[in-house]
Amino acid sequence: MSIRCRFAPAPSGSLHVGNVRTGLFSWAYARHHGGAFVLRIEDTDASRVTEEAVHGVVESLMWLGIDWDEGPDVGGPHAPYRQSQRMEVYGEHADRLVSDGAAYRCYCTPEELEERRQAALAHGEPPGYDGRCRRLTDAERRALEEEGRPFALRFAMPEREHVVRDLVKGEVRFRAGTLRDFVIMRSDGSPTFLLAVAVDDMLMGITHVIRGDDLLAAAPRNAAVIEALGGTPPAFAHVPQVNGPDGRPLSKRHGSTSVEAFREHGILPEALVNYLALLGWSKDDHTTFLSRDELTAAFDLDRVSSNPAMFDSQKLEWMNNHYIQTLDDDDDLAARCLHFLSVAGLTPELGLLRRAMPLVRERMKTLAESVELLTFLFTDDVEPNEKARALLEKAGGEYLRKAADALAAVEPWTAGAIQATLDAVAGEAGLNRTKGWQPIRAAATGSNVSPPLPESLELLGRERTVARIQGAAR
RNA sequence: GGUCCCAUCGUCUAGUGGCCCAGGACACCACCCUCUCAAGGUGGAGACACGGGUUCAAACCCCGUUGGGACUACCA
């Protein structure tokens, strides 16, 4: 039987990296085994879901290079792939469960439920649903019906031990009686997550459910519903959560942890995928860099770690720098930087930008850093920063004028010739390179930090270089 | 409270009874390289949560403790 995996995000907010990591594992597992990967949008809570949010999920996954065979945009044999469009399906299955005696009408109101929960807590008893409506006599039921009481549909959890053979956690046992009857259909007729997932996974032929371990306790319920419906439950693999710096599972309150945020921060998709792949999974004892293809070739669930991992953005950035360095196509890198320069209000000339790439590629942890590294090339509005001003002041107008004059005469205008001239000017003043060059750097780039000076000046051009140094000399 | 999950350097991890007084990577420190900043090179410091077992032998197996986390909703 061919493997079928799915990723089923709720598009309520943005797709955060913890969530995506789970999707990545699911995708990698499917691809590794030559199976199918399904994207399903979990929007039973339809009110808060916007079209935009769904689009955001699709965008983020595509950017990462995670592709799917069936989904809301591409369709497939089990369409539709948005739960909000499958309400009838859930209704039919809920009815079947009721007529088969696997689910029952629960007339308890939310207020009553809450009251009993509090009472149980006060007596030191477990607070779950007490199963009251499951044990109603026919007469009681009839009375409630005649009252016109609204009801929810509750699944009658078989009262036995439930065992989940999890591919990551191993055999997990839930003692009889600890899993209570749960609502599958709200009194307003809308299905709950617990019904929708089970029905969809069954109908869509999902063979392996790979998801966060916060859903581990949902697995026996999912399986029970599918069994009651006459289906075969999928295999489960519950991967641990990704934690934030505070050691708690990543969520909205950790700030910018969405895929989109990393993209806007100048992280390369191949770096994010690589980093995420190694968060909770390892190929062996030493592999650090993997392409998507290498990942799918090597990935399997038996090497997924069972303990939670903390997200380390420093390591991500280190890895990002590696990918930027190894992106040896200057045009490609320039194109990727262009976006960030544009956002910063610059309009770089493409040829110049491309020629600047060798100077900055090993200096950027993120593409966004290309802005501060290269602004001096794409604007003549260079206002020296504090340290640059100090350097200029210390050097004095005399020195700068001499340097400007010498540079004006450099022929040809190449990094090599420029370097020789800079050395000559510094030497004449009795300065070493550091002391002699820093004022020039400050004048030409407006900063005490820049890409290598002679190469930077070569790109800047003679005219602009000389003008800036003369300007700074006044 | 109950149920369940988890526990190796600060972080991500390798390790499935002897190869481990624990290996790699990020971060950190030092040195080298060096026009600034990076990158790169070399070296260093740094962990098996604790307590009991089992065994000739335990990071690895069992039990307990402690500490994290999840679930316990007409959220997903």
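Just so it is clear, the values below take in all heavy atoms, side chains as well, and ignore hydrogens, waters and symmetry mates. Each chain gets a letter, A, B and so on, in the order its sequence line appears, and its residues count up from 1.
- Pair check for rA14(B) finds none; no Watson-Crick or G-U wobble contact set falls under 3.5 Å.
- Residues passing the ring-ring contact (aromatic ring centres under 6.0 Å, His included) test with Phe311(A), sequence neighbours excluded: Phe262(A), Tyr275(A).
- There is a side-chain donor-acceptor pair under 3.5 Å between Tyr90(A) and Asp200(A).
- For the pair Val168(A) and Ala309(A), both in contact range of RNA chain B, the more 5′-proximal nearest nucleotide belongs to Val168(A).
- Atom CG in Leu359(A) sits roughly 14 Å away from atom C1' in rU36(B) (whole-Å rounding).
- Between the C1' atom of rA39(B) and the CG atom of Leu373(A) lies a distance of 12 Å, rounded to the nearest Å.
- Comment: Asp405(A) does not engage Arg401(A) in a salt bridge, judged by the lack of any side-chain N to carboxylate O separation of less than 4.0 angstrom.
- In this structure, rU55(B) makes no Watson-Crick or G-U wobble pair, since no nucleotide meets both defining distances under 3.5 angstrom.
- To the nearest angstrom, C1' of rC37(B) lies 11 Å from NZ of Lys387(A).
- A cation-pi arrangement is not found for Arg149(A) relative to Tyr107(A), the charged atom failing to lie both closer than 6.0 Å to the ring centre and inside a 45° cone about the ring normal.
- With no hydrogens or angles considered, a side-chain donor-acceptor pair links Asn321(A) and Gln325(A) at under 3.5 Å.
- With sequence neighbours left out, the ring-ring contact (aromatic ring centres under 6.0 Å, His included) criterion links Phe299(A) to Phe25(A), Trp281(A).
- The shortest non-hydrogen separation linking Glu42(A) to Pro11(A) is O-CD, 3.7 Å.
- The nucleotide rC28(B) finds its pairing partner in rG44(B), both defining distances of the Watson-Crick or G-U wobble pair being shorter than 3.5 Å.
- With sequence neighbours excluded, the residues satisfying ring-ring contact (aromatic ring centres under 6.0 Å, His included) with His322(A) are Phe289(A).
- Going from atom OH of Tyr323(A) over to atom P of rA39(B) covers 18 Å, rounded to whole Å.
- For the pair Ile440(A) CD1 and rU36(B) P, the interatomic distance rounds to 15 Å; values are reported in whole Å.
- Separating the OH atom of Tyr90(A) from the C1' atom of rC74(B) is a distance of 17 Å, rounded to the nearest angstrom.
- Nucleic acid contact class of Gly280(A) (heavy atoms, under 4.0 Å, all strands): sugar-phosphate only.
- When the side chain to side chain donor-acceptor pair (under 3.5 Å) test is applied to Arg389(A), no partner is found at least two apart in sequence or on another chain.
- Residue contacts shown for Cys106(A) are absent, as no nucleic acid heavy atom lies under 4.0 Å away.
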- Message: Does the protein touch nucleotides 16-35 of chain B at the base, only the backbone, or not at all? Give it as B, S and - per nucleotide, heavy atoms under 4.0 Å.
- Response: -------BSBSS-------B
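- Judged purely by atom type and a 3.5 angstrom limit, Arg221(A) uses its side chain to pair as donor or acceptor with the backbone of Ala217(A).
- Side-chain N/O atoms of Arg186(A) include one lying less than 4.0 angstrom from OP1 or OP2 on rA76(B).
- Across all strands shown, rA39(B) forms no Watson-Crick or G-U wobble pair with both key distances under 3.5 Å.
- Pairs of residues two or more places apart, or lying in two chains, that qualify as side-chain hydrogen bond (donor to acceptor under 3.5 Å, both in side chains) and include a residue from residues 168-177 of chain A are Glu161(A)-Arg173(A), Arg165(A)-Glu171(A), Lys169(A)-Asp213(A), Glu171(A)-Arg173(A).
- Evaluation of the side-chain hydrogen bond (donor to acceptor under 3.5 Å, both in side chains) test over residues 430-440 of chain A, restricted to residues two or more places apart or in two chains, returns Asp423(A)-Arg433(A), Asp423(A)-Trp437(A), Gln438(A)-Arg441(A).
- Checking the phosphate oxygens (OP1, OP2) of rC74(B), no side-chain nitrogen or oxygen of Ser187(A) falls inside 4.0 Å.
- Candidate nucleotides rA76(B), rG15(B), rU8(B) were compared by shortest atom distance to the side chain of Asn307(A), and rU8(B) ranks first.
- Scanning residues 266-279 of chain A for heavy-atom distances under 4.0 Å to RNA chain B yields Leu278(A), Leu279(A).
- Contact between the side-chain N/O atoms of Arg175(A) and the OP1/OP2 oxygens of rU3(B) is found at a separation under 4.0 Å.
- Remark: P of rC4(B) and CZ of Arg165(A) are 16 Å apart, rounded to the nearest angstrom.
- Nucleotide rC33(B) forms no Watson-Crick or G-U wobble pair with any nucleotide shown, as no partner meets the under 3.5 Å limit on both distances.
- When the P atom of rC5(B) is taken as reference, atom CG of Leu167(A) falls 16 Å away, rounded to whole Å.
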Shorter than 3.5 Å, N or O on both sides, protein versus nucleotides 66-73 of chain B: list them out with atom names.
residue: rG69(B); atom: OP1; partner: Arg248(A); partner atom: NH1; Å: 2.9
residue: rA70(B); atom: O2'; partner: Asp214(A); partner atom: O; Å: 3.3
residue: rA73(B); atom: OP2; partner: Arg117(A); partner atom: NH1; Å: 3.3

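- Listed by chain and residue number, Val164(A), Arg211(A), Phe236(A), His238(A) satisfy the side-chain contact (heavy atoms from CB on, under 4.5 Å) test with Ala219(A) (two or more places apart in sequence, or in another chain).
- Atom CG of Asn222(A) sits about 12.5 Å away from atom CD1 of Ile206(A), to the nearest 0.5 Å.
- The ring-ring contact (aromatic ring centres under 6.0 Å, His included) test applied to Tyr29(A) returns His33(A), His208(A), not counting sequence neighbours.
- Across every non-hydrogen atom of Leu64(A) and Val273(A), the tightest pair is O-CG2, 3.4 Å.
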Under 3.5 Å, N/O pairs linking protein and nucleotides 60-62 of chain B:
none

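- Look at rG67(B): its Watson-Crick or wobble partner, with both distances under 3.5 angstrom, is rC6(B).
- Counting non-hydrogen atoms under 4.0 angstrom, Glu317(A) reaches nothing in the nucleic acid.
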